Amino acid sequence: MGVRIHSGSANPELAEAVAARLGTTLGAQTLRRFSDGEIHVRIHDSVRGDDIYIIQSTCFPVNEHLMELLILVDAFRRSGAGRINAIIPYYGYSRQERKSGGREPITAKLVANLLTAAGVDRVVCLDLHTPAIQGFFDVSMDHLSAVPILGEYLAAQPRYNAVVVSPDVGRAKLADRFAQRLGVPLVVMHKRRPHPEIAHVTAVVGDVRDTCPIVVDDIIATGGTIRECAEALLAAGACPDIWVVAVHPLLAGPAIERLSHPAITRVITTDTVPLPPDKLHPKITVLTVAGLLAETIRCLSENRSLSTMAPPLDQAVRV
Ligand code: R5P
C-alpha cells in the first residue's frame with residue numbers, strides 16, 4: 001500500500017513541509033472552482049489501494065475549506081484508495097460542540113458526520129476545543145497536541161516570576177499542562193460571553209501581583225478574550241509584560257489590533273492555521289507542527305502505535 005500525502009488549499013505550506021520531512025512531495029491533483037463557485041477535484045495518479053493522508057485545516061474561509069476536504073475524500077473513495085486519513089490540524093466548527101441555548105446546532109458533530117459520510121477511515125486533529133469531540137466520530141480518531149512543542153519552547157525562555165493563566169475554566173486543564181511543564185503556579189479566570197464574539201472577564205482566581213503572566217488558550221479568534229485577560233491581569237497588579245500562547249491563530253477581524261495592546265509583549269503560536277504576511281505581527285512567534293504531523297503519518301502508515309512516537313521537538317521557528 002503506497003503512502004500519498006495530499007493537501008487542500010487551506011495550508012499547503014504546512015502540507016509541503018510534512019511531505020518533505022517524510023522524504024516525499026505532495027500528490028499531484030487539480031483543485032479548481034467552476035464559475036459558480038463549485039469545487040472540482042481531479043487526482044492525477046492512480047491511488048488504488050493506497051494509504052492517503054489529506055492535510056487540510058478547516059480554517060477561514062471555513063466552509064470552502066471544509067467542502068474542499070469533503071470533495072477530496074469523495075474523489076479518493078471513488079478512486080479505490082485503500083485507506084483515507086483526514087489530517088485536520090485545526091478542526092473548524094469545534095466551538096459549537098454542545099447546545100448552549102435552545103434551538104442551536106452542534107456543528108462539531110455535524111462536521112464529524114459529514115466526514116464519515118464522505119468516506120474517511122481515520123481523522124487526526126490537534127488540540128480540539130474540547131477533547132470530547134473525539135467521541136463524535138465512529139471512525140478511528142487520533143487527538144494530538146502541540147502542547148509539548150509549545151511547552152518545550154517556553155521552557156527554554158527564561159521568565160522571571162511567571163504564572164500560567166487560563167482565560168476561563170474551560171481552558172484550565174490545557175493551561176495546567178503548561179503550568180506543570182514550567183513548574184509555575186496556575187491562575188484561572190472566569191469569563192462570560194454575552195454574545196458569541198464578545199468576552200468579559202469577571203474574576204481572577206489566584207494571585208498575579210507583580211507576576212509576568214503567560215496566558216494560554218486554544219484559539220485566538222477576534223482577540224477579545226486575550227485583550228480582556230490582559231486588562232484584568234493589569235487591574236489585578238500583574239506586570240505589563242504578558243505573553244500569550246495559543247495553538248490555533250485564527251486572528252479574525254480586529255485580532256491583530258487587539259494583540260497590539262502594549263501589555264501583550266509576545267504571542268507564541270503554531271502553523272495549524274496559516275498566517276498571511278499582513279497578520280505576521282512582530283510580536284508573533286510561529287512554531288511548526290510539521291514534525292509532529294510527519295511522525296504521526298509515519299507511525300500510522302507503519303501501523304505503529306502513536307505512543308511509540310518520538311516527540312518531534314525540532315521546532316522550526318518561522319517568525
Ligand atoms: C473559547 O472558549 C476559546 O477557548 C477561545 O478563548 C476563544 O475562541 C477565543 O475567541 P476570541 O479571540 O474571539 O475571544
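One-based numbering along the sequence shown. Atoms within each ligand, like the ligands themselves, are counted from 1 in listed order. Quantities reported herein were computed from a predicted structural model and do not represent experimental measurements.
Among all protein heavy atoms, the one lying closest to atom 4 (O) of ligand 1 is D218 OD1, 2.5 Å. The shortest contact between atom 13 (O) of ligand 1 and any protein heavy atom is with T222 OG1, 2.5 Å. Looking at atom 5 (C) of ligand 1, its nearest protein heavy atom turns out to be D217 OD2, 3.3 Å. Counting protein heavy atoms only, atom 9 (C) of ligand 1 is closest to I219 O, 3.5 Å. In this structure, the protein non-hydrogen atom closest to atom 8 (O) of ligand 1 is R95 NH1, 3.1 Å.
The closest approach between any non-hydrogen atom of E228 and ligand 1 is not below 4.0 Å. Using a 4.0 Å heavy-atom cutoff, H129 is listed among the residues neighbouring ligand 1. Using a 4.0 Å cutoff on heavy atoms, G223 counts as a contact of ligand 1.
One side chain, S9 or E68, offers a donor N or O that lies under 3.5 Å from an acceptor on the other. With 3.5 Å as the limit, one finds no donor-acceptor pair spanning the side chains of N161 and T211.
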Taking it one step at a time, do S79 and R48 satisfy side-chain hydrogen bond (donor to acceptor under 3.5 Å, both in side chains)? CA-CA 6 Å; S79 309; R48 198 162 296 282; over 6 Å; no
Would you please test V120 and N85 for side chain to side chain contact (heavy atoms under 4.5 Å, CB included) and show each step? CA-CA 6 Å; V120 290; N85 306 272; over 6 Å; no
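Within 6.0 Å of CZ in R304 there are more than 12 heavy atoms belonging to other residues, nucleotides or ligands. Heavy-atom neighbours of Q134 CD from other residues, nucleotides or ligands within 6.0 Å: above the threshold of 12.
Distances below 4.0 Å separate heavy atoms of R193 from the following atoms of ligand 1: 7 (C), 9 (C), 10 (O), 11 (P), 14 (O). Within ligand 1, the atoms closer than 4.0 Å to a non-hydrogen atom of R171 are 2 (O), 4 (O), numbered from 1 in the order shown. Residue T225 approaches ligand 1 through these ligand atoms, each under 4.0 Å from one of its heavy atoms: 6 (O), 9 (C), 10 (O), 11 (P), 14 (O).
Polar contact with ligand 1: present for A221 (N/O pair, distance under 3.5 Å).
Ring geometry, Y91 versus F137: the interplanar angle exceeds 60°, so the pair is classed perpendicular (tilted spans 30 to 60°).
With hydrogens and angles disregarded, a donor-acceptor distance shorter than 3.5 Å links the side chain of H65 to the backbone of C59.
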